[in-house]
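Before any comments, here is the structure.
The sequence lines fix the lettering, A, B, ..., with proteins before strands; numbering per chain opens at 1.
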Protein chains: 2
Amino acid sequence: MKSDDIKEAALKYFTIHGYEGASLSQIAEEVGMKKQSLYAHFRGKDDLFLQVLHDAKETELLSKLQYFSNLRSSQPEKDLYGFLQLIVDLFQQNEQLKFWLRMSFFPPAHLQKEVDLEVIDIEEKTQALLQEKFQQWINEGLLHAEHPRIPTLAFFGVVDSIMLELVYMSDTKRLQEKLEASWKVFWRGISIR
Amino acid sequence: MKSDDIKEAALKYFTIHGYEGASLSQIAEEVGMKKQSLYAHFRGKDDLFLQVLHDAKETELLSKLQYFSNLRSSQPEKDLYGFLQLIVDLFQQNEQLKFWLRMSFFPPAHLQKEVDLEVIDIEEKTQALLQEKFQQWINEGLLHAEHPRIPTLAFFGVVDSIMLELVYMSDTKRLQEKLEASWKVFWRGISIR
DNA sequence: AGATAACTTACGAACGTTCGTTAATCAGGG
DNA sequence: CCCTGATTAACGAACGTTCGTAAGTTATCT
């Protein structure tokens, strides 16, 4: 499918240059056609962008959902740390997560409304899921007893900071060091000892 | 000074629309002149951007440095939490921090080298400063004994996640909740108990 | 099966607009 | 009288988008 090639190229340029900085001519050139031909597949730049955005959100959501559903429960230390590693892997496998991060926090001004809807959706779903897990672990006496919203929000904070580090990413060494540090402190902060 | 007015307007549009999305005509209009007149004050768009960037970096660096120098030591809990509040205040007082955050992580592609230099500079300085503080607190037996780099990196992770939340910022309630959660877990993770 | 119609995909040309930038000109104050 | 700062005018280049068209593919009907 040629539409997928276009979306792939668009993802690349949107990620590097942002919405305004990415030009349809460059995207078209990447897939070996003229920019006018893009209009046979998409209604325009906005349409292309929103489809790429939706795809990126869906794959990210799917990855997270299936990670949580494959959890062997009662091992929060393993499961949570594994989630962090999943984020790192997703980031290095494809560009979709980096695109998603950029656009969810710095969306094109005239599409902020549409972007926000996607952001809110994925956020509510993943947060509900994780909070439920924390509730279980706390009930089982595996974690510090407190409202599950606290470790949930704190953990998402760790995830966010790791993703920011992934964006910056001069070298892998520093990333791993920061991940280990954040994880170590976070785990001491939520575990019983 | 008229240059400052221009830089202020430029800061605003760079923050909202990014480098590529911000146009010199809009910036000029904001200060009540034609875009060609900007060239009496700056060599071009890149020059304007880099000066705004440098200013934003300097004020952020200064704020952090003077916060650390005014610390009554031996109260890590108060001092660290106060730093988080400082970040929140800086974000709400002026737009420079939001601009800085956006550009340090998603710089215009053709200026990445120049941006990186500023980012590395501010990062090394603040990190060295904070790590020294942690070393002191650990030596005084106030914090969990470990290499000071660990709580330093973890704390910067908390700071990053709070800043991301500040960027998103639908409502202040949620921000405060996330800050409290991250802080609570972080503090339990580094303190002795 | 073969002819014809309809749809899809790509392209050249051109649209109007905006971009950042340069040059020449002019007003005002020390 | 120069100097600083603002203006008007104009520049080439790139932007997203539209149109007409040609080629290729698929569907329909006799």
statement: Only residue of B:Lys34, B:Lys35, B:Glu30 satisfying side chain to side chain contact (heavy atoms under 4.5 Å, CB included) with B:Ser25 is B:Lys35

message: Taking only side-chain N and O atoms of B:Lys34, does any of them lie within less than 4.0 angstrom of OP1 or OP2 on D:dG5?
response: no

field: Output field: ring centroids A:Phe83/A:Phe155 closer than 6.0 Å
entry: yes

task: Ignoring backbone atoms, establish whether A:Ser37 has a side-chain N or O less than 4.0 Å from OP1 or OP2 of C:dC11.
output: yes

field: Set of residues satisfying side chain to side chain donor-acceptor pair (under 3.5 Å) with respect to B:Glu140, sequence neighbours excluded
entry: B:Ser74

statement: To the nearest angstrom, the CG-C1' distance between A:Asp5 and C:dT9 comes to 14 Å

- prompt: Whole-Å distance between D:dT18 P and A:Leu38 CG?
  reply: 13 Å

- prompt: Given A:Lys184 and A:Glu180, is the salt bridge (charged side-chain N to carboxylate O under 4.0 Å, His left out) satisfied, shown in steps?
  reply: CA-CA 6 Å; A:Lys184 189 176 266 183; A:Glu180 295 300 333; over 6 Å; no

Euclidean distance, atom NZ of residue B:Lys2 to atom P of D:dC3 [Å, nearest integer]: 22 Å

message: Per the side chain to side chain donor-acceptor pair (under 3.5 Å) rule, what does the pair list look like for residues 155-168 of chain B, sequence neighbours excluded?
response: A:Lys178-B:Asp160, B:Glu165-B:Arg174, B:Glu165-B:Lys178

Are there any protein N/O atoms within less than 3.5 Å of an N/O atom in nucleotides 27-30 of chain C, and if so, which ones and at what distance?
none

- prompt: What integer distance in Å separates B:His17:NE2 from C:dC19:P?
  reply: 11 Å

statement: Result for ring pair (Phe, Tyr, Trp, His ring centres under 6.0 Å) between B:Tyr19 and one of B:Phe106, B:Phe49, B:Tyr13 points to B:Phe49

message: Distance alone, cut at 3.5 Å: any donor-acceptor contact between the side chains of B:Asp47 and B:Tyr39?
response: no

message: Any heavy-atom pair between the side chains of A:Asp79 and A:Phe68 that's under 4.5 Å?
response: no

- request: May I ask you to decide if the ring planes of A:Trp137 and A:Phe134 are parallel, tilted or perpendicular, using 30° and 60° as cut-offs?
  value: perpendicular

query: Atom CD1 of B:Ile27 to atom C1' of C:dT21: distance rounded to whole Å?
result: 15 Å

field: Which residues share a side chain to side chain donor-acceptor pair (under 3.5 Å) with A:Thr59, sequence neighbours left out
entry: A:Gln96

- prompt: Can you tell me how far P of D:dT17 sits from CZ of A:Arg43, to the nearest Å?
  reply: 11 Å

query: With side chains defined as the heavy atoms from C-beta onward, is the minimum distance between A:Leu11 and A:Glu8 less than 4.5 Å?
result: no

Would you list the protein and nucleotides 10-16 of chain D atom pairs, both N or O, that sit under 3.5 Å from each other?
unit_1	atom_1	unit_2	atom_2	d
D:dC15	OP1	A:Ser23	OG	3.0
D:dC15	OP2	A:Ser25	OG	2.9
D:dG16	OP1	A:Ala22	O	3.3
D:dG16	OP1	A:Lys45	NZ	2.8
D:dG16	OP2	A:Leu24	N	3.0
D:dG16	N7	A:Lys35	NZ	2.8

statement: Rounded to 10°, the angle between the first-five-pair and last-five-pair axes of the helix from C:dA1-D:dT30 to C:dC19-D:dG12 is 10°

- prompt: For D:dT4, does OP1 or OP2 lie under 4.0 Å from any side-chain N or O of B:His41?
  reply: no

